[in-house]
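Report on the structure given below.
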Amino acid sequence: MAELEARKLKYPTTGTEALLMGMLTEGTSQAARYLRAHGITLFGVRDETIRLLGKSDMYFFSPEHPPLTEPAQKALDWAVDEKKKSGTEGEVTATHLLLGIWAQKGSAGQQVLAALGFDEKNAAELQETLKEALPMS
């Protein structure tokens, strides 16, 4: 979904901002619900992304699979690493990914989140929800 969002904006790559838009497009994850509950919507993220990165050339055609930017790959790696560190079974969630995007300071996704009011307090709240989801052993 992130690739599709990057293509809609005619961007040549899939960045952290596109990961964020993909997450909101999917819409059912805990992370997407958390963002919406805090006033961060797909349209708000799109508008802020265009304000930050600008519009692409009207005649540019994005590749079918826009490659990940370095910060986007780092956000994904961060999410996987955090999941592994937790020592729990299961999949990497959108919450892990959202926190991974936030951890990439200076990335477009992190700047968009900050501009829309997401801060360290929100990140800490989400981190707590991950800990609460750990099964008791």
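Note: hydrogens, waters and symmetry copies are ignored here, and every other heavy atom, side chains too, is used.
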Worksheet item: In terms of hydrophobic clustering (I, L, V, M, F, W, Y; side-chain heavy atoms under 4.5 Å; direct or indirect links), are Leu4 and Ile50 co-clustered?
Response: no
Response to the item:
Distance col, row Leu126:CG vs His96:NE2, nearest 0.5 angstrom, shows 10.5 Å
Practice prompt. Please round to the nearest 0.5 Å and tell me the distance separating atom CG of Leu97 and atom CG of Leu20.
Written response: 8.5 Å
Practice prompt. Could you tell me whether the side chain of Thr13 reaches within less than 4.5 Å of the side chain of Leu68, counting heavy atoms only?
Written response: no
Fill in: Gly44 to Thr41 - nearest heavy-atom pair and separation
N-OG1, 3.0 Å
Worksheet item: Minimum heavy-atom separation for Ala18 to Ala6, with atom names?
Response: CB-CB, 4.1 Å
Fill in: Full working for side-chain hydrogen bond (donor to acceptor under 3.5 Å, both in side chains) between Glu91 and Thr93
CA-CA 6 Å; Glu91 54 191 42; Thr93 66; over 6 Å; no
Fill in: Lys8, NZ atom: more than 12 neighbouring heavy atoms under 6.0 Å
yes
Fill in: Same apolar cluster: Leu35 and Val92, side chain cutoff 4.5 Å
no
Item to complete: To the nearest 0.5 angstrom, please state how far the NZ atom of Lys85 sits from the CH2 atom of Trp78.
Response: 7.5 Å
Worksheet entry | Joint hydrophobic cluster, Met23 plus Val80, side-chain heavy atoms closer than 4.5 Å | no
Practice prompt. Mark yes when over 12 heavy atoms from residues, nucleotides or ligands other than Glu70 sit less than 6.0 Å from its CD; otherwise mark no.
Written response: no
Worksheet item: CE/Met1 to OG1/Thr25 distance, rounded to the nearest 0.5 angstrom?
Response: 7.0 Å
Discussion item. Within this structure, what is the NZ-OG distance for the pair Lys131 and Ser86, rounded to the nearest 0.5 Å?
Written reply: 11.5 Å
Worksheet item: Does some side-chain heavy atom of Leu99 sit less than 4.5 Å from a side-chain heavy atom of Leu130?
Response: yes
Item to complete: Would you mind reporting whether Leu42 and Arg36 have side-chain heavy atoms less than 4.5 Å apart?
Response: no
Worksheet item: Is Lys74 atom NZ crowded by more than 12 heavy atoms from other residues, nucleotides or ligands, each under 6.0 Å away?
Response: no
Worksheet item: Is there a side-chain contact between Glu17 and Tyr11, using heavy atoms and a 4.5 Å cut-off?
Response: yes
Worksheet entry | Check: Gln30 and Arg33 side chains under 4.5 Å, non-hydrogen atoms | yes
Discussion item. Would you say that Asn122 contacts Tyr34 through its side chain, given a criterion of any heavy-atom pair below 4.5 Å between the two side chains?
Written reply: yes
Worksheet item: Under 4.5 Å between any side-chain heavy atoms of Asp77 and Gln73, yes or no?
Response: yes
Worksheet item: Which distance, rounded to the nearest 0.5 Å, do you find between the CD1 of Ile40 and the CG of Leu24?
Response: 8.0 Å
I'd like a table of donor-acceptor pairs (distance under 3.5 Å, sequence neighbours excluded) in which one partner is a side-chain atom from residues 103-118, with atom names and distances.
unit_1, atom_1, unit_2, atom_2, d
Gln104, NE2, Gly100, O, 3.3
Lys105, NZ, Trp102, O, 3.0
Lys105, NZ, Glu120, OE2, 3.0
Ser107, OG, Thr16, OG1, 3.3
Ser107, OG, Gln104, O, 2.8
Ser107, OG, Gln110, N, 3.3
Gln110, OE1, Gly106, N, 3.1
Gln111, NE2, Gly106, O, 2.6

Discussion item. Check this for me, if you would: do Glu64 and Arg7 make a salt bridge, where the nitrogen-to-carboxylate-oxygen distance has to be below 4.0 angstrom?
Written reply: no
